[in-house]
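Scope of the values below: all heavy atoms of this structure, side chains included, with no hydrogens, waters or symmetry mates.
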Amino acid sequence: MFLCFSPVLRNGFTGYDDPDYVTDNVHVNTGLSRQNFVWALTSAHSSNWHPLTWISHQIDCSLFGLNPAGHHLTNLLLHTANTVLLFLWLSGATGFRGRSAFVALVFGLHPLHVESVAWVAERKDVLSTLFGMLTLLAYSAYVRRPAVSRYALVAGLFAASLLAKPMLVTLPLLLLLLDWWPLGRTGVRRAILEKLPLVALSALSIAATVWAQRRGGSVVTIEQLPLALRLENSAVSCIRYLWKTIWPVDLAAFYPFPFHGVPSWAWIASLLAIAAVSGLAVAAGRRHPWLAAGWFWYGLTLLPVIGIVQVGLQAMADRYMYVPMIGLLIAVTWEVAQAFLPVWFSRSAALLVLGLCAVLSWRQIQVWEDGVSLFTHALEVTQDNFLAHDNLGVELDNRGRFEEALAHYRETLRIKPGDRRGEQNYAQASFAKGERLFESGKLDEALASFREGIRYRPRDALARTQMGKILTQQRHLPAAIAELRTALAIDPTLAAAHMGLGVAFAWSGQAAEAGRAFADALRYEPTNVEAHYDLGLVMASMERNAEALESFEAVLRLKPDYGPAHAARIEALYRMGRYEEAWRAVLDARAVHVEVDRGLVARVAARQGR
């Protein structure tokens with residue numbers, strides 16, 4: 001299993017939550033520290049409260065920095081440990097080592113689990129399951145020899161699982177199910193009473209989760225997605241998960257929610273199928289208890305993420321099957337084993353299943369190589385995937401492939417016109433494209449690109465500043481001044497906008513206004529060399545030579561080898577009749593290897609009698 005998943009060690013980070021969780025998160029990428037530890041305990045960042053997950057990422061950053069191989073290794077080791085722990089628990093609880101080994105190996109090799117392992121930001125899944133498996137082992141030990149200390153260990157491990165991810169909030173109900181099979185406990189009243197402290201832990205976890213997700217704005221309201229539509233999607237997704245388990249192809253990082261509705265035949269057929277399987281499992285419960293135990297394991301552990309309380313805009317997710325799949329594997333494995341098939345056939349079939357899982361997982365790991373491959377694949381296997389278009393646009397944008405990025409952002413907005421994130425990313429890519437066009441001198445195209453972005457982000461002061469600069473270059477000075485004033489109305493502290501306004505005023509012959517604009521730029525950015533120099537030029541044009549000299553000397557204090565400022569300083573001193581100082585200024589320029597116009601040097605030298 002480890003070897004099958006080992007290619008993940010060559011994968012990088014993706015732009016899909018990895019920056020938020022690790023690479024761009026200063027509370028994580030600076031490693032484990034007292035300050036970061038406190039943040040992990042108190043933060044609802046990324047709409048989640050899972051302190052153990054944050055701490056695990058911090059430890060990885062302390063050990064590996066931002067080398068993705070180390071982070072992937074931790075996920076892989078956790079998944080390997082989960083596979084081993086599943087085998088140990090199931091074989092100990094049932095006494096069937098061969099069946100337990102098959103269940104554990106399919107769990108470890110199944111392609112649906114690639115997402116939980118190959119996605120660094122999904123550390124919470126494998127970490128939570130690690131403590132969940134340990135909880136099952138501890139509970140089995142408690143059942144064999146009840147003791148307060150053993151129960152405390154169960155509660156502590158369960159709490160740790162919830163502190164990594166609240167996926168297993170239904171574990172107390174699952175333990176009641178396992179009391180029946182495979183543990184074979186009697187005494188329903190006692191079994192229920194002893195689960196109450198665990199139910200209290202689940203309730204606290206649910207409360208913390210709701211608080212974090214509401215604070216982060218990730219809970220979708222009833223107005224956005226009506227309850228009836230959620231229930232219809234939940235029913236269909238329950239069956240789709242079963243099919244993905246049996247035939248794990250066309251897996252995607254994101255499956256878009258069916259906002260336009262679920263066909264009636266689909267959700268009705270799904271509900272009938274769920275009811276039929278549930279009825280058969282209950283009916284066969286006495287003679288085939290593993291069928292009911294496995295089927296209801298699947299339902300109980302899937303319940304928190306089935307979408308009745310909708311978080312995010314996905315219809316379903318591969319990662320949500322990490323724990324629920326175990327119930328299905330138990331039910332099928334035990335039932336097939338009861339069929340008394342020839343040994344050679346059973347072993348051959350088992351090897352075939354494991355081999356297919358290994359090959360498909362190996363291929364799926366390549367999909368997670370980076371963000372471009374991840375979302376390109378998602379677009380190939382899904383329809384109208386607005387999030388895949390949006391995220392692929394971000395990845396291409398970061399690589400400087402602006403035209404391709406814009407095409408994907410347009411698709412995002414076409415599929416989901418009200419998507420604010422899509423609009424923001426579309427605007428950002430338009431601005432980035434405009435910057436490159438401006439740098440290459442294509443002013444008309446650059447201006448068009450900025451205007452396209454402004455449609456979606458009209459209050460972007462930096463973008464409006466760039467538009468003002470372009471209009472200045474094109475000599476559309478009144479329009480440039482109006483655009484720059486709009487930028488300053490949005491952000492009065494933006495030094496670049498004050499600078500741009502100063503240039504536009506200077507080019508239009510409004511020297512006094514230009515001087516005030518450059519002075520304003522220096523109020524917000526006192527070390528701006530260009531602002532000091534331009535202010536000096538404006539002062540010189542108004543024959544305010546003393547103020548001009550002060551500006552040029554400020555430039556040279558900040559940047560002693562700035563040639564234009566040396567020349568301007570010499571000229572100012574010459575105009576003021578301070579010829580001795582002007583000659584010393586010539587020598588100052590030569591000392592830093594700055595060439596000054598020979599005619600100016602000759603005029604200064606002549607006044608000095610040199």
Taking all non-hydrogen atoms of both residues, which atom of Trp49 and which atom of Ser43 are closest, and how far apart?
CD1-O, 3.3 Å
Dump the intermediate steps for side chain to side chain contact (heavy atoms under 4.5 Å, CB included) on Phe375 and Leu387, then the final yes or no.
CA-CA 9 Å; Phe375 289 106; Leu387 186 137; 3.9 Å; yes
Residue Glu530 excluded, over 12 heavy atoms near CD under 6.0 Å
no
Tyr322: partners by side-chain hydrogen bond (donor to acceptor under 3.5 Å, both in side chains), with sequence neighbours left out:
His79, Asn82
With sequence neighbours excluded, tell me which residues meet ring-ring contact (aromatic ring centres under 6.0 Å, His included) with His377.
none
Taking all heavy atoms of Ala504 and all of Ile481, pick out the closest pair and write down the distance.
CB-CG1, 3.7 Å
Taking only residues two or more places apart in sequence, or in another chain, which ones meet Lys433 in a salt bridge (Lys or Arg N to Asp or Glu O under 4.0 Å)?
Glu403
So does Asp20 get a backbone contact from the side chain of Asn25, meaning a donor-acceptor N/O pair under 3.5 Å?
yes
As a quick check of understanding, evaluate side chain to side chain contact (heavy atoms under 4.5 Å, CB included) for Thr74 and Phe64, giving each step before the final call.
CA-CA 10 Å; Thr74 301; Phe64 311 116; 3.8 Å; yes
Does the side chain of Gln466 come within less than 4.5 Å of Phe450's, by heavy atoms?
yes
Test item: Ser541 side-chain N/O and Val538 main-chain N/O as donor-acceptor pair under 3.5 Å
yes
Could you tell me how the ring of Tyr21 sits relative to the ring of His50: parallel (under 30°), tilted (30 to 60°) or perpendicular (over 60°)?
tilted
Do His408 and Asn391 pair up side chain to side chain, a donor and an acceptor below 3.5 Å, judged on atom types alone?
no
Can any side-chain N or O of Arg230 pair as donor or acceptor with the backbone N or O of Ile308 at less than 3.5 Å?
yes
Please walk me through it: do Leu112 and Leu251 pass side chain to side chain contact (heavy atoms under 4.5 Å, CB included)?
CA-CA 8 Å; Leu112 274 180; Leu251 305 181; 3.8 Å; yes
State which residues pass side-chain hydrogen bond (donor to acceptor under 3.5 Å, both in side chains) with Asn545; sequence neighbours excluded, sorted by chain then number.
none
State, without any angle test, whether Gln510 and Ser508 hold a side-chain donor-acceptor pair at a distance under 3.5 Å.
yes
Looking only at heavy atoms, which two atoms of Pro458 and Ile490 are closest? And how far apart?
O-CD1, 4.0 Å
Do the charged groups of Lys442 and Glu445 touch, with an N to O distance under 4.0 Å?
no
Are Gln474 and Asp444 close enough, and set up right, to give a side chain to side chain donor-acceptor pair (under 3.5 Å), and what steps lead you there?
CA-CA 9 Å; Gln474 294 177 319; Asp444 289 338; 2.6 Å; yes
Within the distance-only criterion (no hydrogens, no angle test), does the side chain of Tyr241 pair as donor or acceptor with the backbone N or O of Ala317 below 3.5 angstrom?
yes
Between Thr23 and Asp18, do the side chains contain an N or O donor and an N or O acceptor separated by less than 3.5 Å?
no
How would you list, by chain and number, every residue that makes a side-chain hydrogen bond (donor to acceptor under 3.5 Å, both in side chains) with Thr30, sequence neighbours excluded?
Asn36
Can you confirm whether Glu439 is buried at CD, in the sense that more than 12 heavy atoms of other residues, nucleotides or ligands lie under 6.0 Å from that atom?
yes
Under a 4.5 Å cut-off applied to non-hydrogen side-chain atoms, are Pro166 and Ile206 in contact?
no
Between Arg523 and Asp520, is any pair of side-chain heavy atoms under 4.5 Å apart?
yes
Donor-acceptor pair, Asn75 side chain versus Val117 backbone, under 3.5 Å?
yes
Backbone of Trp119 reached by a side-chain donor or acceptor of His72 within 3.5 Å:
no
Give me each pair satisfying ring-ring contact (aromatic ring centres under 6.0 Å, His included) with a member in residues 472-522, each pair once, sequence neighbours excluded.
His498-Tyr524
Decide whether Asn48 and Ser46 meet the rule of one side-chain donor and one side-chain acceptor closer than 3.5 Å.
no
Looking at Val262 and Trp267, what are the two nearest heavy atoms and their distance?
O-CD1, 3.8 Å
Backbone N/O of Glu395 and side chain of Arg399: donor-acceptor pair under 3.5 Å:
yes
Given salt bridge (Lys or Arg N to Asp or Glu O under 4.0 Å), test Asp588 with Arg569 step by step and report yes or no.
CA-CA 11 Å; Asp588 288 342; Arg569 178 191 180 206; 3.1 Å; yes
Using modelled atom types only, decide if a donor and an acceptor are shared between the side chain of Ser128 and the backbone of Lys165 within a distance under 3.5 Å.
yes
Whether Ser373 side chain and Val367 backbone form a donor-acceptor pair below 3.5 Å
yes
Validation row: Phe259, Leu229 side chains within 4.5 angstrom (heavy atoms):
no
Checking Asn398 now: which residues fulfil side-chain hydrogen bond (donor to acceptor under 3.5 Å, both in side chains) with it, not counting sequence neighbours?
none
Here the pair of heavy atoms bringing Ala315 nearest to Asn233 is O-ND2, 3.1 Å
For residues 313-322, the salt bridge (Lys or Arg N to Asp or Glu O under 4.0 Å) pairs (sequence neighbours left out) are Glu115-Arg319, Glu122-Arg319
Pair up each side-chain donor or acceptor in residues 549-566 with any protein partner under 3.5 Å, not counting sequence neighbours, and list the distances.
from	atom 1	to	atom 2	distance (Å)
Ser551	OG	Glu547	O	3.4
His566	NE2	Pro560	O	2.6

Tell me which pairs pass salt bridge (Lys or Arg N to Asp or Glu O under 4.0 Å) where either residue lies in residues 250-264, with sequence neighbours left out.
none
Might you point out which heavy atoms bring Asp125 and Ser116 nearest each other, and give the distance in Å?
OD2-OG, 2.6 Å
Within the distance-only criterion (no hydrogens, no angle test), does the side chain of Ser62 pair as donor or acceptor with the backbone N or O of Leu32 below 3.5 angstrom?
yes
Pairs touching residues 477-489 that satisfy side-chain hydrogen bond (donor to acceptor under 3.5 Å, both in side chains), sequence neighbours left out
Arg464-Glu483
What pairs of residues pass the salt bridge (Lys or Arg N to Asp or Glu O under 4.0 Å) test when at least one of them lies in residues 51-61, not counting sequence neighbours?
Asp60-Arg123
Centroid separation under 6.0 Å, is that true for the rings of Phe254 and Phe386?
yes
Check whether any side-chain heavy atom of Val503 sits under 4.5 Å from a side-chain heavy atom of Asp534, and report yes or no.
yes
Steps toward side chain to side chain contact (heavy atoms under 4.5 Å, CB included) verdict (Arg410, Leu406)
CA-CA 6 Å; Arg410 287 190 186 100; Leu406 286 168; 3.9 Å; yes
